[in-house]
Amino acid sequence: MHKSPSGSTLGPGGLDLTQAFFKPITNAAPPSPTKRHNKISVIGAGNVGMAIAQTILTQDLTEELVLVDTNADKLRGEMLDLQHAAAFLPRTKIHASVDYSVTVGSDICIVTAGARQIAGESRLNLLQRNLKLFRGIIPLLVRFSPDTILLIVSNPVDVLTYVAWKLSGFPSNRVIGSGTNLDSSRFRFLIADHLDVNAQDVQAYIVGEHGDSSVALWSSISIGGVPVLSFLENQQIAYEKETLENIHKTVIDSAYEVIKLKGYTSWAIGYSVANLARSILRDQRKIHPVSVLAKGFYGIDGEVFLSLPAQLGRGGILGVTNVHLNEEETQRLRDSAKTILEVQSQLGI
């Protein structure tokens, strides 16, 4: 295991003082073989990658955190900056390298690396550049961590999750896209704000594409266990569908607004991805709307990744929740799948 340059070499000639500082326990048993040592690797040390890394550290999710990027100077600077906070954080070994061998034995590999869209560039051209990037990243992660779970955050996340699945050769349960987990959080916040309740008491999902063709599942929204639309209808309380559509539109536009105001999104996606990592590593079996292989669900035939409410645990995707969708929602979900499939068909993978 790598040590930072300042690690336990304070003696003359770089003498390792660890053994001198502590007296060993007589007849001590070796560490339990059942002890679990978690390791997370974050690929890409940009704004999103570092927000994820910082959130993982503060939430004490792993014993070892690895950062990988192509910019060696920025990478070392980010590593040192995080290491210098050691006195204020749970003990975590932090490593950084441009060499993917540092990721060996990772439980989760979080991929945030991706090409940025150039002004006037088509979405397809951007995708082709990201495909080339992923051809260099995914096989190396698979080589050094063949049992890892790939968690894709790079956009467009649904298509790139499909690309990662194809390039990795992994079973689909071990390739997950961050999908609409954050969209659904924004959705819950807006509904909670509208009704003046706590967002944690709102059960609501955005599914489908992480993008303009996403689908708001209004028919299954509940507040404190009470189905909202059914309650309004039973109480003969009128509501306008336009109001619901405006809330959904605000969810779609939220990321664009943040990017316009501050130049990028970071903190919310940091919390969202750390939340997914927690559910996986601690086998919490929580339901998250994440990008999964949707073939066979809701009449979707093609090999397409899009977000559905899925149960997450140590095995990755444990199952997809059988949420009831009305006819309109089902059709919109299928349309969302077609949108993604049309883009995928042009990739040649």
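Numbers for residues simply follow the sequence, beginning at 1. Quick note: numbers below take in every heavy atom, side chains included, and nothing from hydrogens, waters or symmetry partners.
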Inset, instruction - For V290 and S178, work out which heavy atoms get closest and say how close. - result: CG1-O, 4.2 Å

Legend entry - From OG (S168) to CZ (F134), nearest 0.5 Å: 11.0 Å

Inset, instruction - Could you go through the salt bridge (charged side-chain N to carboxylate O under 4.0 Å, His left out) check for K338 and E342 one step at a time? - result: CA-CA 6 Å; K338 287 178 183 177; E342 285 173 8; over 6 Å; no

Legend entry - Check: R332 main-chain N/O paired with S336 side-chain donor or acceptor under 3.5 Å: no

Mind listing the side-chain donor-acceptor pairs of residues 39-51 below 3.5 Å, one per line with the distance, residues two or more places apart or on another chain?
| unit_1 | atom_1 | unit_2 | atom_2 | d |
| --- | --- | --- | --- | --- |
| K39 | NZ | V102 | O | 2.9 |
| K39 | NZ | V104 | O | 2.6 |
| S41 | OG | S106 | OG | 2.7 |

Inset, instruction - Count the heavy atoms of every other residue, nucleotide or ligand shown that sit under 6.0 Å from CZ of F144, and state whether that count exceeds 12. - result: yes

Inset, instruction - Using atom types as modelled and distance alone, determine if a side-chain donor or acceptor of S213 lies under 3.5 Å from a backbone N or O of E209. - result: no

Inset, instruction - Evaluate the side-chain proximity of T92 to I56: yes if any heavy-atom separation is below 4.5 Å, no if none is. - result: no

Inset, instruction - Would you indicate whether the side-chain heavy atoms of H248 and S214 approach each other to under 4.5 Å? - result: yes

Inset, instruction - Could you pull out all residues at least two apart from L89 that satisfy side-chain contact (heavy atoms from CB on, under 4.5 Å)? - result: L57, T58, A85

Legend entry - Steps toward side chain to side chain contact (heavy atoms under 4.5 Å, CB included) verdict (I138, V142): CA-CA 6 Å; I138 302 301; V142 171; 4.2 Å; yes

Inset, instruction - Spell out, yes or no, whether V273 and W267 are grouped together once hydrophobic residues are joined by side-chain heavy atoms under 4.5 Å, including indirect joins. - result: no

Legend entry - From L133 atom CG to L127 atom CG, the distance as rounded to the nearest 0.5 Å: 12.0 Å

Inset, instruction - Give the cluster check for I52 versus Y264: same hydrophobic cluster or not, with ILVMFWY residues linked at side-chain heavy-atom distances below 4.5 Å. - result: no

Inset, instruction - Taking T62 for its side chain and E64 for its backbone only, find out whether a donor-acceptor pair lies under 3.5 Å. - result: yes

Inset, instruction - Please step through side chain to side chain contact (heavy atoms under 4.5 Å, CB included) for the pair L65 and K93, ending with a clear verdict. - result: CA-CA 6 Å; L65 178 66; K93 290 188 177 296; over 6 Å; no

Inset, instruction - Go through the structure and list residues passing side-chain contact (heavy atoms from CB on, under 4.5 Å) with A192, not counting sequence neighbours. - result: V197, A199, V202

Legend entry - Where T330 and L325 come nearest, the two heavy atoms and their spacing: OG1-CB, 3.4 Å

Inset, instruction - Grab the two heavy atoms, one from S307 and one from G179, that are nearest each other, plus how far apart they are. - result: OG-CA, 3.2 Å

Inset, instruction - Calculate, to the nearest 0.5 Å, the distance between atoms OG and CD1 belonging to S185 and I206 respectively. - result: 11.0 Å

What side-chain donor-acceptor pairs closer than 3.5 Å can you find for residues 309-320, not counting sequence neighbours?
| unit_1 | atom_1 | unit_2 | atom_2 | d |
| --- | --- | --- | --- | --- |
| Q311 | NE2 | R285 | O | 3.4 |
| R314 | NH1 | N38 | OD1 | 3.2 |
| R314 | NH1 | L281 | O | 3.1 |
| R314 | NH2 | D107 | OD1 | 2.9 |

Legend entry - No-hydrogen, no-angle side-chain donor-acceptor test under 3.5 Å, D99 and S101: yes

Legend entry - Pairs flagged by side-chain hydrogen bond (donor to acceptor under 3.5 Å, both in side chains) wherever residues 186-208 is involved - sequence neighbours left out: Q203-Y205

Inset, instruction - Treat each ILVMFWY residue as a node, draw an edge where side-chain heavy atoms are under 4.5 Å apart, and state whether V258 and V153 are in one component. - result: no

Legend entry - F189 reachable from Y271 in the ILVMFWY side-chain graph, under 4.5 Å edges: no

Legend entry - Distance-minimising heavy-atom pair for A294 and I300: O-CB, 3.8 Å

Inset, instruction - Let me see the working for F305 and W165 under ring pair (Phe, Tyr, Trp, His ring centres under 6.0 Å), right down to the final yes or no. - result: CA-CA 9 Å; F305 278 72; W165 175 57; 5.6 Å; yes

Legend entry - Straight-line distance of N130 CG to K132 NZ, nearest 0.5 Å: 12.0 Å

Inset, instruction - Could you tell me whether the side chain of Q331 and the main chain of E328 form a donor-acceptor pair under 3.5 Å? - result: no

Legend entry - From CG (L151) to OG1 (T112), nearest 0.5 Å: 10.5 Å

Inset, instruction - Can you sort out the partners of S345 under side-chain contact (heavy atoms from CB on, under 4.5 Å), two or more places apart, ordered by chain and number? - result: none

Inset, instruction - Scan residues 248-276 for pairs that pass salt bridge (Lys or Arg N to Asp or Glu O under 4.0 Å), counting only residues two or more places apart or in two chains. - result: K249-D253

Inset, instruction - Can you measure from NE2 (H95) to CD (Q83) and round to the nearest 0.5 angstrom? - result: 8.5 Å

Legend entry - Any side-chain heavy-atom pair of Y100 and I137 under 4.5 Å: yes

Inset, instruction - Please name all residues satisfying salt bridge (charged side-chain N to carboxylate O under 4.0 Å, His left out) with E78, sequence neighbours left out, ordered by chain then number. - result: K74

Inset, instruction - Return the minimal non-hydrogen interatomic distance between V157 and I152, and the atom names on each side. - result: CG2-O, 3.2 Å

Inset, instruction - Could you check D69 against V98 for side chain to side chain contact (heavy atoms under 4.5 Å, CB included), going step by step and ending with a plain yes or no? - result: CA-CA 5 Å; D69 199 278; V98 296; over 6 Å; no

Inset, instruction - Return each pair, listed once, that meets salt bridge (Lys or Arg N to Asp or Glu O under 4.0 Å) where at least one residue sits in residues 160-183; pairs must be two or more places apart or across chains. - result: K166-E303

Legend entry - Test item: E329 side-chain N/O and W218 main-chain N/O as donor-acceptor pair under 3.5 Å: yes

Legend entry - Nearest heavy atoms of F170 and V175, plus distance in Å: CB-CG2, 3.8 Å

Legend entry - T339 (side chain) donor-acceptor with D335 (main chain) under 3.5 angstrom: yes

Inset, instruction - Decide side chain to side chain contact (heavy atoms under 4.5 Å, CB included) for Y298 and V323; before the verdict, give the C-alpha distance in whole Å, the side-chain angles of both, and the deciding distance to 0.1 Å. - result: CA-CA 10 Å; Y298 302 103; V323 177; 3.9 Å; yes

Inset, instruction - Not counting sequence neighbours, which residues clear salt bridge (charged side-chain N to carboxylate O under 4.0 Å, His left out) with R135? List them please. - result: none

Legend entry - Pairing residues for Q284 by the side-chain contact (heavy atoms from CB on, under 4.5 Å) criterion, not counting sequence neighbours: R278, S279, R282, K286

Legend entry - Pairs satisfying side-chain hydrogen bond (donor to acceptor under 3.5 Å, both in side chains), at least one member in residues 142-163, at least two apart: D158-S291

